[in-house]
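I have placed the structure first, in the form of structure tokens, so that the comments after it can refer back to it.
Residue numbering restarts at 1 for every chain, and letters A, B, ... go by the order of the sequence lines.
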Amino acid sequence: QMQLQESGPGLVKPSETLSLTCTVSGGSISSSPYYWGWIRQPPGKGLEYIGYIRHSGSTFYSPSLKSRVTISAYTSRSQFSLNLRSLTPADTAMYYCGGALDGTAAFQIWGQGTMVSVSS
Amino acid sequence: QSALTQPASVSGSLGQSITISCTGTTSDVGTYNLVSWYQQHPGKAPKLMIYEVTKRPSGVSNRFSGSKSGNTASLTISGLQAEDETDYYCCSFVGDNTVIFGGGTKLTVL
């Protein structure tokens with residue numbers, strides 16, 4: 001069974017870039033039937049879709065974040081990453097990585113999440 | 001794209017059934033049979049309970065079921081148990097390889 005684990009800084013300054021990594025264990029990210037994405041949740045609020053990357057390397061982003069987001073995959077390391085630029089305090093959230101079976105638009109597997117605070 | 005609309009809270013008694021609604025538009029719920037539901041306990045990652053409107057992942061109790069009518073999807077939980085008390089989120093494909101979530105519903109088991 002595939003498992004995901006997020007890693008990255010817990011505190012980032014405004015205007016800087018957030019870089020998070022999701023490490024996948026229990027299978028290959030390139031040969032599995034999943035596509036790999038990121039979802040976030042501000043404290044006390046609901047879930048927000050950020051984007052995902054397919055096996056082909058094609059990326060798709062939420063329209064509201066598209067101008068600031070880059071998702072990349074590193075298949076040899078079984079990792080994929082999230083870069084979010086020009087941070088503001090509104091980007092403070094729990095960030096989850098997830099895997100969704102292609103064609104279902106549903107995230108079947110999730111990491112435990114990593115909390116990111118944006119503050120000077 | 002606006003978030004899908006869910007009631008902020010619902011409640012039901014032990015053993016009873018409840019339904020949580022998720023209202024979208026013809027651009028999302030009304031067009032695509034790609035509605036999913038997630039259960040999230042405090043401090044935990046969301047757990048997929050229903051996908052493609054009605055399908056249950058392996059290991060999810062058959063007390064959980066999904067349906068859709070027009071622009072509104074629904075999650076029904078039958079035989080309420082204390083462990084069901086938590087937050088639930090709906091999610092829909094909206095085209096262009098994007099999904100949107102509902103605002104979440106807090107379920108209280110009386």
Side-chain angles (χ1 to χ4, degrees), chain A residues 1-7 20 22 24 33-67 69 71 93-115, chain B residues 1-9 20 22 24 27-29 31-60 66 68 73 75 86-106:
Chain A
Q1 184 173 347
M2 301 185 85
Q3 294 184 315
L4 310 181
Q5 177 68 61
E6 304 89 348
S7 59
L20 296 177
C22 183
V24 181
Y34 295 100
Y35 55 79
W36 307 103
W38 292 91
I39 305 97
R40 69 181 183 179
Q41 185 173 34
K45 296 188 177 181
L47 301 167
E48 180 182 18
Y49 165 76
I50 298 173
Y52 71 85
I53 185 166
R54 287 184 180 273
H55 313 118
S56 62
S58 299
T59 51
F60 303 92
Y61 304 124
S62 165
S64 64
L65 295 170
K66 187 174 183 177
S67 64
V69 173
I71 295 176
M94 182 70 79
Y95 285 76
Y96 295 100
C97 61
L101 279 174
D102 205 352
T104 68
F107 287 92
Q108 278 87 353
I109 52 176
W110 293 69
Q112 65 184 29
T114 187
M115 184 64 201
Chain B
Q1 204 95 35
S2 299
L4 304 174
T5 300
Q6 298 181 233
S9 63
I20 300 173
C22 171
S27 297
D28 39 67
V29 175
T31 293
Y32 302 101
N33 289 323
L34 292 173
V35 176
S36 51
W37 290 90
Y38 298 87
Q39 176 191 66
Q40 187 181 31
H41 285 283
K44 300 293 187 181
K47 175 186 177 183
L48 181 66
M49 307 301 284
I50 296 287
Y51 68 102
E52 293 181 357
V53 180
T54 62
K55 297 179 180 179
R56 270 190 315 274
S58 174
V60 172
K68 189 184 86 167
L75 172 71
T86 192
D87 297 328
Y88 294 85
Y89 293 91
C90 64
C91 178
S92 176
F93 185 73
V94 300
D96 201 21
N97 291 286
T98 299
V99 299
I100 55 170
F101 288 92
T105 297
K106 181 176 179 58

Okay, I39(A) and chain B: the region with an atom under 4.5 Å from a heavy atom over there is side chain

Turns out that what part of F107(A) lies under 4.5 Å from chain B's heavy atoms comes down to both

Honestly, the part of K55(B) sitting under 4.5 Å from a heavy atom of chain A is neither

Among L48(B), D87(B), D96(B), N97(B), the residue with the most heavy-atom pairs under 4.5 Å to chain A is N97(B)

Practice task
Examine distances only and state if a side-chain atom of Y61(A) and a backbone atom of T98(B) form a donor-acceptor pair shorter than 3.5 Å.
Solution key: no

One option among T104(A), I109(A), L101(A) has the most heavy-atom pairs under 4.5 Å with chain B, and it is T104(A)

To the nearest 0.5 Å, atom CD of Q41(A) lies from atom OH of Y89(B) at 4.5 Å

Honestly, the part of E48(A) sitting under 4.5 Å from a heavy atom of chain B is backbone

d(S36(B) OG, Q108(A) CD) to nearest 0.5 Å is 8.5 Å

Honestly, the part of Y32(B) sitting under 4.5 Å from a heavy atom of chain A is neither

d(L47(A) CG, Q40(B) CD) to nearest 0.5 Å is 5.5 Å

Looking only at P57(B), A45(B), G104(B), C91(B), most heavy-atom pairs under 4.5 Å shared with chain A are made by A45(B)

Looking only at P46(B), G43(B), P42(B), S92(B), the option with the highest number of non-hydrogen pairs under 4.5 Å against chain A is P46(B)

